[in-house]
Amino acid sequence: MVERTSTLFLIIAAIYAGSLFLELPAKFQSLISSAFTIALFIQLALWADRIASAVLAWRLAPLKAKSAMRNALSLIQFFVRVAVWSLALLLLFENLGFDVTALVAGLGNRGIAIALAAQSVLGDLFSSLAIVLDRPFEVGDFIVFGDQNGTVEKIGIKTTRIRSLSGEQIACSNTDLMNSRIHNFKRMAERRIVLVLGVTYDTPGTKLESIPAMVKEIVEAQSQARFDRSHFRSFGDSALEFETVYWVLSADYTVYMDVQQAINFAIFRAFEADGIEFAFPSRTLYVPNLTDAVRAAAAGPQDKDAKSRQASP
């Protein structure tokens, strides 16, 4: 703030302070007073601009190192400076005796017209500021929004560029992003897995009772997994269903798949060694008096004709 203090302001302030102890003509006194008022408000605007810039630099310092955020941060600083200087000029004109009511009303009407004409652009602009300040995601995060997903490559003033899993780049409006639910997988610490196993109905009860403990032992053998629970869940249409829940202690998708694969292989080998069969969708059809039905079908229409001839006179 000392560096932003103008030498011209100090000179004008000294002249004004000295004029208070002199008897000068009213015209000169009014001129000195007006010059001091103008210099004072300009100097106050310089100080306020410096304070606002310093506060923004302090609060947003972690984001400055990211090149994708620099444009948005510069835009924030520009808006703050415009607000500071606009307020300073309005106060200056008011203290000089001008009627700023009509000026403010005229600027307000023109501002409304401009805002209506450019509401789409302004919406994306403020959404960009919301992304920078609220930080629901950053460059490098893997996000899912709506039916799209991918890694954030660039956060612009109007659009955000996302690289999808299939390789193409998605340019999405910032307003559309902020109006949708965003799943940020980069900030996930662990992954929860629900494993449902189905075994056949002819599995002995003692083997059914051993399945939860067997699965628990297999999950706990993995250093990257944390066991939660395992229960006999329900009697399904074609299987006895067991539900197991465990956590993979890593957000990395490859680690998650490796741990899940190792557990699945271990469960398969354990069931195979213990003689437990996995169930698959099937139906069993029970037909009573099957022998009589087969004989009736084998008799065919000839026997029916013979019986009808015997019954005829």
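Note that the numbering runs from 1 along the sequence shown for the chain.
- For Ser33 (side chain) and Ser30 (main-chain N/O), no donor-acceptor pair under 3.5 Å exists by modelled atom type.
- Residues Val215 and Phe242 have side chains not in contact (no heavy-atom distance under 4.5 Å, counting atoms from C-beta outward).
- Tracing side-chain contacts under 4.5 Å through hydrophobic residues (I, L, V, M, F, W, Y), one reaches Ile15 starting from Leu8; they form part of the same cluster.
- Between the OG1 atom in Thr5 and the CG atom in Leu10 there is a gap of 6.5 Å [rounded to 0.5 Å].
- Under a hydrophobic-cluster definition in which Ile, Leu, Val, Met, Phe, Trp and Tyr are linked whenever side-chain heavy atoms come within less than 4.5 Å, directly or via other members, Phe185 and Ile170 are assigned to different clusters.
- In this pair, Phe9 and Phe36 present their aromatic rings parallel. The plane angle is below 30°, not in the 30 to 60° band.
- Side-chain atoms of Gln43 come within 3.5 Å of backbone N or O of Ser6 as a donor-acceptor pair.
- Under the 4.5 Å side-chain heavy-atom criterion for grouping Ile, Leu, Val, Met, Phe, Trp and Tyr, Ile193 is not connected to Trp247 through any hydrophobic cluster.
- The 12-atom threshold is not exceeded at CD of Glu217, counting heavy atoms of other residues, nucleotides or ligands nearer than 6.0 Å.
- Residues Gln224 and Val255 meet the side-chain proximity criterion, which asks for heavy atoms closer than 4.5 Å.
- Look at Glu153 and Arg161 and you find no salt bridge, because none of the NZ, NE, NH1 or NH2 atoms lies under 4.0 Å from a carboxylate O.
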(message) Applying side-chain contact (heavy atoms from CB on, under 4.5 Å) to Cys172 and Phe145, what does each step give before you reach the verdict?
(response) CA-CA 10 Å; Cys172 184; Phe145 59 99; 3.8 Å; yes

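- Contact check for Val144 versus Phe142: side-chain heavy atoms found under the 4.5 Å cut-off.
- More than 12 heavy atoms of other shown residues, nucleotides or ligands fall within 6.0 angstrom of atom CZ in Arg163.
- Residue-environment remark: CG (Asp237) stays at or below the threshold of 12 foreign heavy atoms within 6.0 Å.
- Under 4.0 Å is where a charged nitrogen must lie from a carboxylate oxygen, and between Glu220 and Arg226 no such pair does.
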(request) Apply the test side-chain hydrogen bond (donor to acceptor under 3.5 Å, both in side chains) to residues Ser34 and Thr37: give CA-CA distance (whole Å), side-chain angles for both, the deciding distance (0.1 Å), then the verdict. (result) CA-CA 5 Å; Ser34 298; Thr37 301; 5.9 Å; no

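- With 3.5 Å as the limit, one finds no donor-acceptor pair spanning the side chains of Ser250 and Asp252.
- For the atom pair Ile12 CD1 and Ile42 CD1, the distance stands at 8.0 Å (nearest 0.5 Å).
- Here the straight-line distance linking atom CD of Gln222 with atom CG of Leu249 works out to 11.0 Å at 0.5 Å rounding.
- At distances below 3.5 Å, not a single donor-acceptor pair connects side-chain atoms of Asn184 with backbone N or O atoms of Asp141.
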(request) Take Leu240 and Thr200, measure what side-chain contact (heavy atoms from CB on, under 4.5 Å) needs, and give me the verdict at the end. (result) CA-CA 6 Å; Leu240 302 174; Thr200 58; over 6 Å; no

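- Between Phe265 and Phe268, the distance separating the two ring centers is not shorter than 6.0 angstrom.
- Using a distance-only test at 3.5 Å, with no hydrogens or angles considered, a donor-acceptor pair links the side chain of Asn264 to the main chain of Gln260.
- A single hydrophobic cluster is seen to contain both Leu165 and Met188, as judged by linkage of ILVMFWY side chains at heavy-atom distances under 4.5 Å, directly or through other members.
- Between the Asn179 side chain and the Thr175 main chain, a donor and an acceptor come within less than 3.5 Å of each other.
- Between Arg187 atom CZ and Phe137 atom CZ the span is 9.5 Å, to the nearest 0.5 Å.
- Both Ile11 and Leu40 are part of a single hydrophobic cluster, where members link through side-chain heavy atoms under 4.5 Å apart.
- Heavy-atom neighbours of Phe278 CZ from other residues, nucleotides or ligands within 6.0 Å: above the threshold of 12.
- For the atom pair OG (Ser164) and CD (Gln169), the distance works out to 9.5 Å, reported to the nearest 0.5 Å.
- Atoms CD1 and CG, on Ile211 and Leu197 in that order, are 7.5 Å from each other to the nearest 0.5 Å.
- With contacts defined as side-chain heavy-atom distances shorter than 4.5 Å, the pair Val245/Phe227 does not qualify.
- We find that Arg50 and Glu3 are not joined by a salt bridge, their nearest charged nitrogen and carboxylate oxygen being 4.0 Å or further apart.
- Within the 4.5 Å cutoff, no side-chain heavy atoms of Val219 are placed close to those of Asp228.
- For the pair Met214 and Phe271, the minimum side-chain heavy-atom distance is below 4.5 Å.
- By the 4.5 Å heavy-atom criterion applied to side chains, Arg191 and Tyr253 are counted as neighbours.
- The side-chain heavy atoms of Arg229 and Thr244, taken from C-beta on, include no pair separated by under 4.5 Å.
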(message) side-chain contact (heavy atoms from CB on, under 4.5 Å) for Ser230 and Lys216? Distances and angles first, verdict last.
(response) CA-CA 7 Å; Ser230 182; Lys216 179 180 179 180; 5.5 Å; no

